[in-house]
Amino acid sequence: MYKIKKENLKALFQMISEKQDLILPVKKAEQTNFALWTEDADVDLTTLKTVKSGKDAFFPQSETLYTCVRDGKKLSVEPEALREHPFVVFGMKACDVKGVEVLDKVFLSDPVDTFYAARREHGTIVAMACHEPEESCFCKVFGTDAADPVADVAVWMIGEELFWKAVTEKGNALTESVKELLQDADAADEEAVSKEKEAIRTIIEKLPYTHLSLEGWDGNATEEKFNSPVWNELYKPCLACGTCTFVCPTCQCYDIKDYDTGHGVKRYRCWDSCMYSDFTLMAGGNNRTTQLQRFRQRFMHKLVYFPANNDGMYSCVGCGRCVEKCPEALNIVKVIKAFEKQGGEKA
Amino acid sequence: MQRIGVFVCHCGTNIAATVDVKKVVEMAKMEPGVVHAEDYQYMCSEAGQSKIINAIKEKHLTGVVVCSCSPRMHEATFRKAAEKAGLNPYMVEIANIREHCSWIHKDMEEATKKAVILARAAIAKVNLDAPLQPGESQVTKRALVIGGGIAGIQSALDIADAGYEVDIVEKLPSIGGRMSQLDKTFPTLDCSACILTPKMVEAAAHEKINIYTYSEVEKVSGFVGDFTVDIRKKARSVDMSKCTGCGVCSQKCPSKKIPNEFNRGLNNRSAIYIPFAQAIPNVPVIDRENCIKFKTGKCGACAKNCAAGAIDYEQQDEIVTKKYGAIVVATGFDVIKLDQYDEYAYSQSKDVITSLELERLMNAAGPTKGHLERLSDGKAPKNIVFVQCVGSRCSDNRGKSYCSKICCMYTAKHAMLIRDKYPDTNVTVFYIDVRTPGKNFDEFYRRAVEEYGVNYIKGQVGKVIPQPDGTLMVQASDLLDNKQILMEADMVVLAAAIEPNKDVRKIATMLTASIDTNNFLTEAHAKLRPVESPTAGIFLSGVCQGPKDIPETVAQAGAAAVKAIGLLAKDKLTTNPCTAKADPLACNGCSQCMNVCPYGAISYEDVQVNDHGVRETRRVAVVNNALCQGCGACTVTCPSGAMDLQGFSNRQIIAEVDAICR
Amino acid sequence: MSAYTYGNTANAAERIKEISGVNPLKCMKCGKCSATCPAFNEMDIKPHQFVSYVQNGDIEALAQSKSLWKCLSCFACVERCPRDVKPGKLIDAARQIVIREKGQNYLKADEIPELLDDETPQQLLVSAFRRYRR
Amino acid sequence: MQELISRAKELLADNTVARVLGWRAGDLPYNPEAAYFETPESLDEFVYDGFCGANLSKMMIEASKLEGKTLVCLKPCDTYSFNQLIKEHRVDREKAYIIGVGCKGKLDVEKLRKMGIKGIQKITGAKLTDDCENLEIETIYGSKTVSYKDAMLERCHVCKGKEHMIYDEIIGESKDTKDADRFAEVERIEAMSPKERFEFFQKELSKCIRCNACRNACPACSCRRCVFDSTKFDSAQKANVDDFEEKMFHIIRAFHVAGRCTDCGECSRVCPQGIPLHLFNRKFIKDIDQFYGEYQAGADAESKGPLTSFTFEDVEPGIVAERG
Amino acid sequence: MSIEAKEEFRPKIVAFCCNWCSYAGADLAGSSRLVYPADVKIIRVPCSCRVNPMFILRAFEKGADGVILCGCHPGDCHYTTGNYYARRRMTLLFSMLDFIGVENGRTRVEWVSAAEGVKFSQTMNEFVEKIHSLGKNVRLEDIRCRN
């Protein structure tokens, strides 16, 4: 394990960004989101949750796939180059990293999404332990340990120091490249980190959602959950906005569109939301015509369909962003609880 | 995808001299949907049109772009050609590469580039064109003539003679207009009243003509073939059905100090009055502002003395609403106010008068019974100076930029008449140019000089200075002699500029007829459609369109009548199919479009919809195609884009924008 | 700086148009300027002719004319001109050109008190300063 | 709140209304959600406190299609939206039983988070009946006291007033919470140079993730199909492209609601990125007030909006360049 | 140098013209041979009130450097009231564009009648000049259109 003084972080970021792109939480107009590090970036490592998770680093909100250029009656197609320049995502939380795991399931299984795969290959994740978890967090429900994130490098911010532990080969390589700025950690430091981990875990135990039960939610629950009358009331406040999907670390749906540049077309993909009325709209119409269906789809996907196809892995990581950001205070926890309650009433 | 043919016109050298038409053809071929492109000398010619027709047939074109002159010129021509070939005429778009390109750009490369872009925009638009079917609307077989001067009377008579009903609306108590104020007319010197009065009588007696005097147009709605007009019949305070026109009321009226408008205020009239002897109708009107009865409640002399019991103080304004198929505007003119021309001392001396005032002074029915005398002292003037172009041809803000056209001739007339009747009077005319284009006009002017000894001096008058002895000192320059002249005069006559009647702006607004910066109504085409307004169904008669003398006015009045008759003779009109259309699935039913529609063409209905499987009853906008004129105000008010304009759809305009900007 | 002389006609005419802001082509030759001019009889080139002289570029003749110095700058012609041509302004501009060509021959501020007499109106002085200062 | 619940129970019991549209208590101290209550018993979960910021009037569009009347709880500012929706024939007045609920300003949990308050376990002082100036907040990381005012939504600081514009009855007292000038922020931006203004908006709008929360929460944005979701203008782009798309979306959205926006502030409340979207609407309102006379959308349900009316003497668009 | 750079900049200008007045005014400018720069391209619309703010923003998105809307003089609208609505809409839209920092000279409304060929050409000359002084539109262009 290594450590670095907080005041030297800027030098660290500088060094990383000399050879790679560095993406980390930056505060812009009072909101903290992952962004490319620059000399004058307002780096914010204290805000627990960036508004959006860091998934953009691997799966950007919009990206061009290829460009067609028209010259008279000739048409040329230029595919967008795959990511080759290495980059580091610094400051993801354990839940965000888990989110990337979920995305891997989608994009790295056959057929492989080459754009995503290239980014994963060239990206190194430095994950940070959650110093002060908040009431909306429920990562433990999905087996994630916010105190000891699993990534290429794990870091802890304690007092005036940041502790650095390389976990994977990529992590080692990154560590090597910045070694001159890192100090070796001693036993007392190890102790401090352990203490921090304990403190985090203690707090997590106290959080209101930590003991949320996922009983009954698994890949086999399709029929029962899909047909439940609970949805009929539950969806009603839903605005059909895409906030929950866009802040979610695991939502992976995208739409493919053409942008007319006047002399050709840029085909791009951008995040889509199953909450939108035009989601998966086809020439023949829409397969989900009501908000109830769309609302149900999202949670069924997270808690039933995804585990059914991915060895029981839920596509929720308990980051709590939807809990915080839903304009109508709806969220996956309320859905789970509503079923729990209804189940209770039944029994 | 459309199959588009592009036809590029050379317009002789009008286009081809500055636009490389071959290049435009070549570039057009690159555009999506274009399967045919060619150029030709004159696309609008018979041969050019048959090229279009053949291409449509042979290449199975579904859309046509003609790169040529303005669509305002030949859009209709090319649409008809397309129709002949079996193509929906609304699948034709014009790229205006003449007026908007070749004529204004000098550089060939630049103009060609622009022409290509304009062609592209038109191609982009055709790509999204959809066949449209014009609807039909009824024609109300009645015409309205606004203004009862010689122009209005002539138009009305011609329309009525063709068998259609005509209503004349005249603001004043009698028809007759300016011409009734004139003494003699040039170049024949016959008496104005003698030739006008029979026309007035004829109009009044015509069974197809209905005259609303002392009335004004208050509101106009509708469109060509189907105008609805509110006419305000102002309270005359005299029952027209009872009045015999005996005139006793005027004689008995105690309020007699009111400036007589007919005589340009040179004498007075009573509060109840008939404007002039030959007035039609020969029925007096009470000028309520000056009537003692109306001002104080006391008097009633006229009522007491009216044997027919025709006086009705309780009479109210009445609104008559009628439908018309065509409207002829004949609102005429006035002379400008001269209060800004201090140098001519018009407001300082009674002996400085306008030519129209002179007409009244010389008229036997005028304030001096036709004796030419100075208004200040009643003496016969010995030296009379005429000043031309007072307020005409001025580029300052005091006057008018145009030539009033009639002044040269009437001044020659006045000069001649004075010299004829009072040979010992010296008459001097100061002119800038003497303009006499007209049949027998120059001969007339020469007679004034050669036979009547009128002294014409080239040079504008600089100043008229009233002298203590009551004479006027005229300071001018003689440009041919290069001398400054100081000349004593007893009377100065100013040829004041004429301007359209003040009310014309209001009327033009009601009719949505366009008007130019001088308040003359604009014609649909300066040369080819001089008596039509760009607004369909509105025709222009007389000076409201531009300065004219009497024969021209009568000619134009007849022409306007013929155009109106041509319209009224149709049973039905095809309506513009470029109307708004609402998509019931996207409509919110919010009523905003209805609020901005100037024609009341939008209503709301509850309809059953199937919105991607959701079946429900919705309140949605429905456009009445017969009423919609296609302005598009509704389309912008509609936030969801449910309301769109056929032929100018949102996507079409956006496609044009894209084509231009790319 | 100024490479022209008022003999260089094209330049001088342009300069006059520029100074005066007048477009002589607008003149319709009505003669109202001459008609109103109080100094008409003392002028060799009459106000309306002034316009055509400028138009024709015959500035030398203007510069030599008596009129240049007879114009009272009363601006009656400017006031009355129906076409916005304003011959008085042209004369004024021609005068300035001539004055400037005379180089050193300016009125200096120090010299003024001597030249003053009580009869000279204040307004005339101020306007003279405005026009003929360096 | 108790009075509200009992009254709702009565109205449900005597079949005056078929359902109640209000708020259900959340699972955290600050997250109640809008909900329908169809039985008197279900009303036990009913809550009305400072965190019930959502404007329920838009939900009445759907509720108007249901059988029977819906009792809807509207705060004073919500009633403007309701009036506007009546004007646009989107809600049926006859289908609504409006209880004007009192309001002493609504709270913004984001404001608390901005103060560094996290791990919230309990909040007291948020109820309408709580007669105190402060919020007592218990968190995992200790207790905090925050003044109620400091935790209020931006819109409450420029409150339009405590009067309900339309209602069947009123329950609960309202407080005037206005303590700021409604147009101060707009004016502050107006005073900037064009470059600064551009940078300001570029910075704010670049946060936009095109989630459509602003649009979907907005009671004026009630289009069945938004132009940005349809093919009507070839404008249905979903990309969050900083240089144009987001500006297009927000300008057009503001333009579409210009003269109809009641300034209810929902757009800014729901924006997950904290973009001050109300500035667009308020700029239009300010211009409309200045150019065409003061106009408050939703103050009544009849008047013609400023963009569907005109006067002959209106200012020319050139005014924008003239005033610099 | 700077002069050369200026010569290279050829602005793209979209002019929306009402069919009844300014389009005819442009025709008149054409038949009177009143020159204005070829940078101006005219789109014919039935009335100024047909012009949706979306069209104007679209033009900027696709790289237009200036957009001008010409309609009938107030009071002279062929459809009676269209230009009054257009006037309000454009006033507010322009004010908003100004508010977000788009140079206010890039948008303009001018009332040009069918008889005002001279005014049409003068207006276009002035407007092109103005756009030249403002330079390229970079604040509202979608950079994807550049390549």
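So you know, we letter chains A, B, ... as the sequences are listed, proteins then strands, and number each from 1.
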Thinking salt bridges, do E93(B) and R44(E) make one under a 4.0 Å N-O criterion?
-> no
Mind ranking V14(E), I13(E), T80(E) by heavy-atom pairs under 4.5 Å with chain B and telling me who comes out on top?
-> T80(E)
Highest number of heavy-atom pairs under 4.5 Å with chain E: which of A508(B), A111(B), G630(B), S102(B)?
-> G630(B)
Heavy-atom neighbours of K219(B) NZ exceed 12 at 6.0 Å = no
Sorted by number, residues from residues 35-42 of chain E in contact with chain B (heavy atoms, under 4.5 Å) | V35(E), Y36(E), P37(E), A38(E), V40(E), K41(E), I42(E)
Drop me the distance from T522(B)'s OG1 to E116(E)'s CD, to the nearest 0.5 angstrom.
-> 9.0 Å
Engaged part of S533(B) at the chain E interface, taking heavy atoms whose separation is under 4.5 Å = neither
Is any side-chain heavy atom of R50(E) less than 4.5 Å from a side-chain heavy atom of N650(B)?
-> yes
Side chain, backbone, both or neither: which part of L645(B) has an atom under 4.5 Å from a heavy atom of chain E?
-> both
Quick one: what part of Y599(B) sits under 4.5 Å from any heavy atom of chain E, side chain, backbone, both or neither?
-> side chain
Does any heavy atom of chain E fall under 4.5 Å from the side chain of R505(B), the backbone, both, or neither of them?
-> side chain
Got a sec, which residues hit ring pair (Phe, Tyr, Trp, His ring centres under 6.0 Å) with F520(B), two or more places apart in sequence or on another chain?
-> Y402(B)
C72(E) versus chain B, the contacting section by heavy-atom distance below 4.5 Å = neither
Is the closest side-chain heavy-atom distance between C49(E) and C631(B) below 4.5 Å?
-> yes
Name the option with the most non-hydrogen atom pairs under 4.5 Å to chain E; the candidates are C101(B), P598(B), P71(B).
-> P71(B)
Heavy-atom pairs under 4.5 Å with chain E, option from I660(B), D516(B), V596(B), L118(B) with the top count = V596(B)
Enumerate by number any residue of residues 81-90 of chain E whose heavy atoms lie under 4.5 Å from heavy atoms of chain B; in the absence of such residues, state 'none'.
-> T81(E), Y85(E), R89(E)
Count the heavy-atom pairs under 4.5 Å between each of R58(E), K62(E), K12(E), R33(E) and chain B, then report the option with the highest count.
-> R33(E)
So does K113(B) have more than 12 non-hydrogen atoms from other groups sitting under 6.0 Å from NZ?
-> no
Audit row: F16(E), V657(B), side chain to side chain contact (heavy atoms under 4.5 Å, CB included) steps and yes/no | CA-CA 10 Å; F16(E) 291 100; V657(B) 167; 3.7 Å; yes
Tell me, side chain or backbone of A121(B) under 4.5 Å from chain E's heavy atoms, or both, or neither?
-> neither
One should read off an interatomic distance between S121(E) OG and I104(B) CD1, to the nearest 0.5 angstrom, of 8.5 Å
Enter the distance from L57(E):CG to I654(B):CD1 here, rounded to the nearest 0.5 Å.
-> 10.0 Å
Side chain, backbone, both or neither: which part of N518(B) has a non-hydrogen atom closer than 4.5 Å to chain E?
-> neither
Approximate separation, where rounding is to 0.5 Å, of E99(B) CD and S32(E) OG | 10.0 Å
Max heavy-atom pair count under 4.5 Å with chain E, selected residue of D658(B), T509(B), I515(B) = D658(B)
Are side-chain heavy atoms of Y79(E) and T535(B) found at a separation under 4.5 Å?
-> no
With side chains defined as the heavy atoms from C-beta onward, is the minimum distance between H78(E) and Q629(B) less than 4.5 Å?
-> no
Specify the closest pair of heavy atoms between A59(E) and C661(B), including all atoms of both residues, with the distance to one decimal.
-> O-SG, 3.7 Å
Could you tell me whether the side chain of V636(B) reaches within less than 4.5 Å of the side chain of V51(E), counting heavy atoms only?
-> no
At a heavy-atom separation under 4.5 Å, does K106(B) approach chain E through its side chain, its backbone, both, or neither?
-> side chain
Residue-level interface, residues 18-31 of chain E with chain B, non-hydrogen cut-off under 4.5 Å | N19(E), W20(E), Y23(E), A24(E), A26(E), D27(E), A29(E), G30(E), S31(E)
